[in-house]
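Atoms considered below: every heavy atom in the structure, side chains included; atoms not considered: hydrogens, waters and symmetry mates. For clarity, every value in this text was computed on a predicted model and none was experimentally measured. Every chain is numbered from 1, with letters handed out A, B, ... down the list of sequences.
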Amino acid sequence: MAKVTDFKEAGFDSLFDELKWRGLIAQSTDETELEKTLDGEPVTYYCGFDPTAPSLHVGNLVQLISMRHLQAAGHHPLALVGGATGLIGDPRQSGERTLNPRNVVEEWTSRLAAQIGRFLPAQGGNPVRFINNYEWTGSMTAIDFLRDVGKNFRMGTMLSKDIVARRLNSEEGISFAEFSYQVLQGNDFLELFDRYDCRLQLGGNDQWGNLTSGLDLIRKVRGVNVNVMTSPLITDSQGKKFGKSEGNAVWLDPAMFSPYRFYQFWFNQPDDQVIKLLKTFTFLPKAEVERLEEEVKTDPGAREAQKALAWEVTSYVHGERAAQGAIDASGSLFGRGGNLDDLDEDVLEGALEGLKIDDGQGGMTFAAAAAGDRVVEAGVKAGLFKSVSEARKTVNSGGVYLNNTRVADQEAVLADKDFLHGRFALLRRGKKALGVLERRA
RNA sequence: GGCGGAUUUCCCAAGCGGUCAAAGGGAGCUGACUGUAAAUCAGCCGCGUAAUGCUUCAGAGGUUCGAAUCCUCUAUCCGCCA
């Protein structure tokens, strides 16, 4: 099960050792100093999450897990949600962002906060505390910004930041707003230092430039050296950014990315990645990971490591019940024979639990269908296809299955017998994408 | 401020008045093979409630029977000169 362990239980001498081994430390301002900090008296640390989407994704999960490790070791987490920075947007290599409307950012801000709360306990001796940088940034006037904050930043330093330099050299250039992002983030660090004595910031390695912008500021203004620690950017075997599936980000919100799909995403990781991922994304003890590493070598086809990875991460993110449902659903599909008829009604229902879709009103439900409905239309309702015409194309290339039997005809229609136990019809696109139709009159 | 070049469907990139929904590659989807992997091969790949249907080639106008392709203006980017 996805139990969170501290470094002793996991088989390490210190928190620093564990993070090192798990590959959670890519860069830090001063590794010796970082080791002392991590293994010393409890400190307050923070990590920021910008509301640029309605949900966090697996990329953010690395940060959450790092934060959780530190928390388990007794340090004090601050989760910053960027209500202010999210209105500006950090510079990306791909080009200037489109600004999101204020009310949308506000909505996303509260969604992210709720999500983060599920990963970091708010009880106990060192509970997570939530902060929104809009608090101190939202009311700042242009004069305050330039006099109190801007005056402490040097153009040379700001221009030399990697992402800024690259954007300046790109055809598109960079706007003053995105260029100034690093100033806001630097100021956040200072604010948290003043309020909470926060001395360590975590973040993704691609955020290095933004993370470090607070260091000089705090040294200059308060005369204190604080630290930054980044987690590596996770990439796949091809060196591509990790966490894309079917062209979409792998979201942590079950309404945007079902627990079943989430489970499958981890289960499908290639052999040369799975051990690295087990280290980084799970809390499994060292000895257990080493045992699985041996399994991959001796019997790769059994996929023991993938199974462990998928279970651990899915149960951590979505809970054990949803994870078990994903396993059941996977088993009835990929298990020997994939015999759906043999499943008991309650087993079937449990297995399908993780496949519910957003009902558009904040709840989760199954798509409704009745005998006589066209399969292509039902597939759209179940969320497997964007449109009937996309469904048609997939049927034509032989990629649509009703209860594990290939659908041959675009015009096929659901029959009474297609509803297992008179209730559910299981529609599949390709090997892994599943959708459920519940019979309703 | 002046002169020249660029802007094509998710990305790169052909096209230079009809045969253009637009070559090729990448990404993505599906199939075969397999270990629910990788590699390989094949199909699909603007949208679509499939229709002699709809909307595209930076934006707005214009020339023409007909424009991504020609003209004018606008925007943005890149050079060179002031």
K.L.:
So which nucleotide does B:rC29 pair with, by the Watson-Crick or G-U wobble rule with both distances under 3.5 Å?
P.N.:
B:rG43
K.L.:
Pick base, sugar-phosphate or nothing for A:Y401, based on heavy-atom distances below 4.0 Å to the nucleic acid.
P.N.:
sugar-phosphate
K.L.:
Pick the P atom in B:rG59 and in B:rA75, then give their distance to the nearest Å.
P.N.:
15 Å
K.L.:
What is the pairing partner of B:rA67, taking Watson-Crick or G-U wobble pairs with both distances under 3.5 Å in any strand?
P.N.:
none
K.L.:
Would you call A:R291 and A:E288 a salt bridge, taking side-chain N to carboxylate O under 4.0 Å as the test?
P.N.:
yes
K.L.:
When you compare B:rC10 with B:rC57, how far apart are their C1' atoms, in angstrom units rounded to a whole number?
P.N.:
15 Å
K.L.:
Nearest whole angstrom, please: distance from the P of B:rG48 to the CD of A:Q410.
P.N.:
14 Å
K.L.:
Indicate whether OP1 or OP2 belonging to B:rU36 is found under 4.0 Å from a side-chain N or O atom of A:Y260.
P.N.:
no
K.L.:
On RNA chain B, does the nearest nucleotide to A:K386 precede the nearest nucleotide to A:S397 from the 5' side, or the other way round? Give the residue.
P.N.:
A:S397
K.L.:
Quick one: is A:K432 getting a side-chain N or O under 4.0 Å of the B:rA37 phosphate, OP1 or OP2?
P.N.:
yes
K.L.:
Within the pair A:R303 and B:rA37, is there a side-chain N or O less than 4.0 Å away from OP1 or OP2?
P.N.:
no
K.L.:
With a 3.5 angstrom cut-off on both distances, give the Watson-Crick or G-U wobble partner of B:rU52, or none if there isn't one.
P.N.:
none
K.L.:
Anything under 30° is parallel, anything over 60° is perpendicular, the rest tilted; go ahead and classify A:W21 against A:F12.
P.N.:
tilted
K.L.:
Need to verify one output field. Residue with the more 5' nearest nucleotide on RNA chain B, A:K393 or A:E390?
P.N.:
A:K393
K.L.:
In the structure shown, which nucleotide is the Watson-Crick or G-U wobble counterpart of B:rA75, with both distances under 3.5 Å?
P.N.:
B:rU7
K.L.:
Assign A:S387 to base, sugar-phosphate, or nothing according to its heavy-atom contacts below 4.0 angstrom with the strands shown.
P.N.:
sugar-phosphate
K.L.:
Please examine the side chains of A:S330 and A:K432, heavy atoms only from C-beta on, and report whether any two atoms are closer than 4.5 Å.
P.N.:
no
K.L.:
My understanding is that only one of A:L211, A:L19, A:T29, A:N205 makes a side chain to side chain contact (heavy atoms under 4.5 Å, CB included) with A:M229; could you say which?
P.N.:
A:L19
K.L.:
Partner of B:rG1 by Watson-Crick or G-U wobble geometry, both contacts under 3.5 Å, or none?
P.N.:
B:rC81
K.L.:
May I ask you to verify if any side-chain N or O of A:R261 is less than 4.0 angstrom from the OP1 or OP2 atom of B:rU36?
P.N.:
no
K.L.:
If B:rU36 has a Watson-Crick or G-U wobble mate with both distances under 3.5 Å, name it; if not, just say none.
P.N.:
none
